[in-house]
A.B. asks: 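Quick one: this structure, given as C-alpha cells, is what I'll be asking you about.
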Protein chains: 2
Amino acid sequence: MSEGVEWALHSCLNLTWLEPGQAVSAARLAAFYRLPTAYLNKQLQALVRAGILTSTPGPRGGFRLARPPEAVSVLDVVVAIEGAEEAFRCEQILRAGPGGRADVDYRQVCLVSQAMRRADLAWRRELAGQTLADLRTAVEQRYPDTPANTRERFAAPLS
Amino acid sequence: MSEGVEWALHSCLNLTWLEPGQAVSAARLAAFYRLPTAYLNKQLQALVRAGILTSTPGPRGGFRLARPPEAVSVLDVVVAIEGAEEAFRCEQILRAGPGGRADVDYRQVCLVSQAMRRADLAWRRELAGQTLADLRTAVEQRYPDTPANTRERFAAPLS
DNA sequence: GAATGCATACTCGGATACGCCGTGTCCGAGTAATTAAGG
DNA sequence: CCTTAATTACTCGGACACGGCGTATCCGAGTATGCATTC
C-alpha cells in the first residue's frame, strides 16, 4: 500500500481540529511531520478529487475538510489515495484452462476469487466502520492536549 | 497484490487432486493455464521455502503438497508469495511531529496505525479461515468433473 | 538371469535483464489580500 | 474618509525525472531413471 495513505490520514485528522472556515496550506501540513511539501500536495489533490477536502488558492488559502468528520470514513481516505480496485485482481486464468469459456465472467464464478473477495470485503467493512470523528475523539481522550497543540502549531509561523 | 498469488492458489488447488506420492513438474502446472513456465517456477519455489510444497528433481520429479489440504490455509499461500508484512506499513511519522519521542513505538501507540491493523487482522482472519480442502470440496460440489479432468490433464503428454 | 556401473534426460534453483508504478520535484496559472491613489 | 483599481505575494494544480519492485527469462547443478555391460 502506498505511503501516502498514512500522510493523508494524519493530515485529515489534523484538519479535524481546525475551527470552521479556516484553511491550512500544504506547506504547513507538510511541516507538521517534516514531509516533502510538493509530494504531500499531490496526495491532498487526490483527496480533493475524491470530495473529501476542498482547496482554496491565494493568500490565506489552503485545504479544509469538505464534509463533517462524521461523514468521512477511513475507507474513503484509503480509496481516494489507493484507488477503488481491490487488492487481489482476478486475471481469470481459468479462461485459459481446460473447459474455460470466454463468455463467462470468472471474477464472479471462480471460487478462489470469491474467497479473496470475502477477505477484501471484511477489510473494507472494518475500515468503513471508523470515521475521522471516531479517530478524533479517541485521540482527544488519550491525549487531551492534542487539539490545542495542533491549532497552535498551525497558527505559528513556518520556522 | 502480486499476480503470483492467483497462480499459486490455483496451482495448489490442482495439486490437491493429485494421488498421493505423485508429483507434477512446473512445466505441466504452467501449461494448465498457459502461464510462463519459468516465472511460475519462481512462485512455486516460494511455496517450497514456506513449507507448503515439496520439490523433487530429476525425471518423474516435480512439486507436491507438503501437508494435507486441511492444514494449508489460503492465508498461508498468500503470505508465502507476498510476504508477512501487513499492507499498511506505519512509518511512524508521529516521531517527526510535535511532541514526538524517539523511544516510543508508534506502530503500537498510533491510533491510525491501530485502525489499519484492525482491518488487516480482519482480512487475515477471513483468509485463515479457509483451507485448500474447503476450496477443493466447494469446487467438487459445483463442478464434479474437475478432479478427473485435472488428473487426466496432468497425465496427458505436453502437447 | 541378476547385479552393477554409466550415460542420459529431466527436474529444480538461483542469477540475470526489462518495464511499470510509486516517489519525489519543479514551475506556471489563478486568486485573494494589500496597498496606493483618487474622489 | 470611502471607493476603486492595480499590484503583489501566496496558493494550488498539473507536467516532468528518478528509483525500486514486480515481471519475465535463461542457463547451470543435481538427481532418478533407463540401459548397456559384465559376472
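Convention: sequence-line order gives letters A, B, ...; per-chain numbering from 1.
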A.B. asks: Tell me the interatomic distance from R60(A), atom CZ, to dT11(D), atom C1', rounded to whole angstroms.
C.D. replies: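 Roughly 13 Å, once rounded to whole Å.
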A.B. asks: Under the rule for salt bridge (Lys or Arg N to Asp or Glu O under 4.0 Å), what residues qualify as partners of E70(A), not counting sequence neighbours?
C.D. replies: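 Counting only residues at least two positions away or on another chain, E70(A) forms a salt bridge (Lys or Arg N to Asp or Glu O under 4.0 Å) with R136(A).
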A.B. asks: Compare side-chain N and O positions of S55(A) against OP1 and OP2 of dT11(D) and report whether any pair is under 4.0 Å apart.
C.D. replies: no
A.B. asks: Tell me yes or no: between the side chains of Q92(B) and R95(B), is some donor less than 3.5 Å from an acceptor?
C.D. replies: yes
A.B. asks: Would you kindly give the CG-to-C1' distance between L35(B) and dA24(D), to the nearest whole Å?
C.D. replies: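 In whole Å, dA24(D) C1' lies 12 Å from L35(B) CG.
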A.B. asks: Please work out which residues in residues 6-25 of chain A have a non-hydrogen atom less than 4.0 Å from an atom of DNA chain C and list them by number.
C.D. replies: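 The answer is W7(A).
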A.B. asks: With sequence neighbours excluded, give me every salt bridge (Lys or Arg N to Asp or Glu O under 4.0 Å) pair touching residues 19-48 of chain B.
C.D. replies: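 Sorted result for residues 19-48 of chain B: empty, none.
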A.B. asks: Go through residues 76-94 of chain B and report each residue with a non-hydrogen atom lying under 4.0 Å from DNA chain D, sorted by number.
C.D. replies: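 Hits under 4.0 Å, by residue number: none.
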A.B. asks: Are there more than 12 heavy atoms of other residues, nucleotides or ligands under 6.0 Å from atom CD of E152(A)?
C.D. replies: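 Atom CD in E152(A) is not crowded, with 12 or fewer foreign heavy atoms closer than 6.0 Å.
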A.B. asks: I want to check one thing: is the phosphate of dC12(C), taken as OP1 and OP2, less than 4.0 Å away from some side-chain N or O of T56(B)?
C.D. replies: no
A.B. asks: Using the ring-ring contact (aromatic ring centres under 6.0 Å, His included) criterion, which residues pair with Y106(B)? Sequence neighbours excluded.
C.D. replies: none
A.B. asks: Mind jotting down which residue pairs meet the side-chain hydrogen bond (donor to acceptor under 3.5 Å, both in side chains) criterion with at least one end in residues 2-11 of chain A? Sequence neighbours excluded, please.
C.D. replies: none
A.B. asks: Is R64(B) near enough to dC12(C) that one of its side-chain N or O atoms lies under 4.0 angstrom from OP1 or OP2?
C.D. replies: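 Checking dC12(C) against R64(B), no side-chain N or O comes under 4.0 Å of OP1 or OP2.
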A.B. asks: Could you pull out every donor-acceptor pair under 3.5 Å between side chains of residues 142-150 of chain B and any protein atom, sequence neighbours left out?
C.D. replies:
{"unit_1": "T146(B)", "atom_1": "OG1", "unit_2": "Y143(B)", "atom_2": "O", "d": "3.0"}
{"unit_1": "N149(B)", "atom_1": "ND2", "unit_2": "D145(B)", "atom_2": "O", "d": "3.3"}
{"unit_1": "T150(B)", "atom_1": "OG1", "unit_2": "T146(B)", "atom_2": "O", "d": "2.7"}

A.B. asks: What residues in residues 38-47 of chain B put a non-hydrogen atom under 4.0 Å from any atom of DNA chain D?
C.D. replies: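 Close to the strand are A38(B), Y39(B).
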A.B. asks: List in chain and number order the residues that pass side-chain hydrogen bond (donor to acceptor under 3.5 Å, both in side chains) with T16(A), two or more places apart in sequence or in another chain; answer none if no residue qualifies.
C.D. replies: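 For T16(A), no residue satisfies side-chain hydrogen bond (donor to acceptor under 3.5 Å, both in side chains) once neighbours in sequence are set aside.
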A.B. asks: Remember a base hit wins even if backbone is also touched, and classify R49(A) as base, sugar-phosphate or nothing at under 4.0 Å, heavy atoms.
C.D. replies: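 Sugar-phosphate only.
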A.B. asks: May I have the list of side-chain donor-acceptor pairs in residues 54-69 of chain B shorter than 3.5 Å, sequence neighbours left out?
C.D. replies:
{"unit_1": "T56(B)", "atom_1": "OG1", "unit_2": "G62(B)", "atom_2": "N", "d": "3.4"}
{"unit_1": "R64(B)", "atom_1": "NH1", "unit_2": "G21(B)", "atom_2": "O", "d": "3.3"}
{"unit_1": "R67(B)", "atom_1": "NH1", "unit_2": "A71(B)", "atom_2": "O", "d": "2.9"}

A.B. asks: Which residue pairs satisfy the ring pair (Phe, Tyr, Trp, His ring centres under 6.0 Å) criterion with at least one member in residues 84-104 of chain A, sequence neighbours excluded?
C.D. replies: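 Those involving residues 84-104 of chain A do not exist here.
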A.B. asks: Let me know, please, whether P59(A) or V48(A) comes out on the 5' side of the other along DNA chain D by nearest nucleotide.
C.D. replies: P59(A)
A.B. asks: Tell me what A26(A) touches on the nucleic acid: a base, only sugar-phosphate, or nothing, going by heavy atoms under 4.0 Å.
C.D. replies: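 Sugar-phosphate, backbone atoms only, no base.
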A.B. asks: Sequence neighbours left out, what pairs pass salt bridge (Lys or Arg N to Asp or Glu O under 4.0 Å) with at least one residue falling in residues 103-114 of chain A?
C.D. replies: R101(A)-D103(A), D105(A)-R107(A)
A.B. asks: The side chain of F63(B) is closest to which nucleotide in this list: dT25(D), dC12(C), dA33(C)?
C.D. replies: dC12(C)
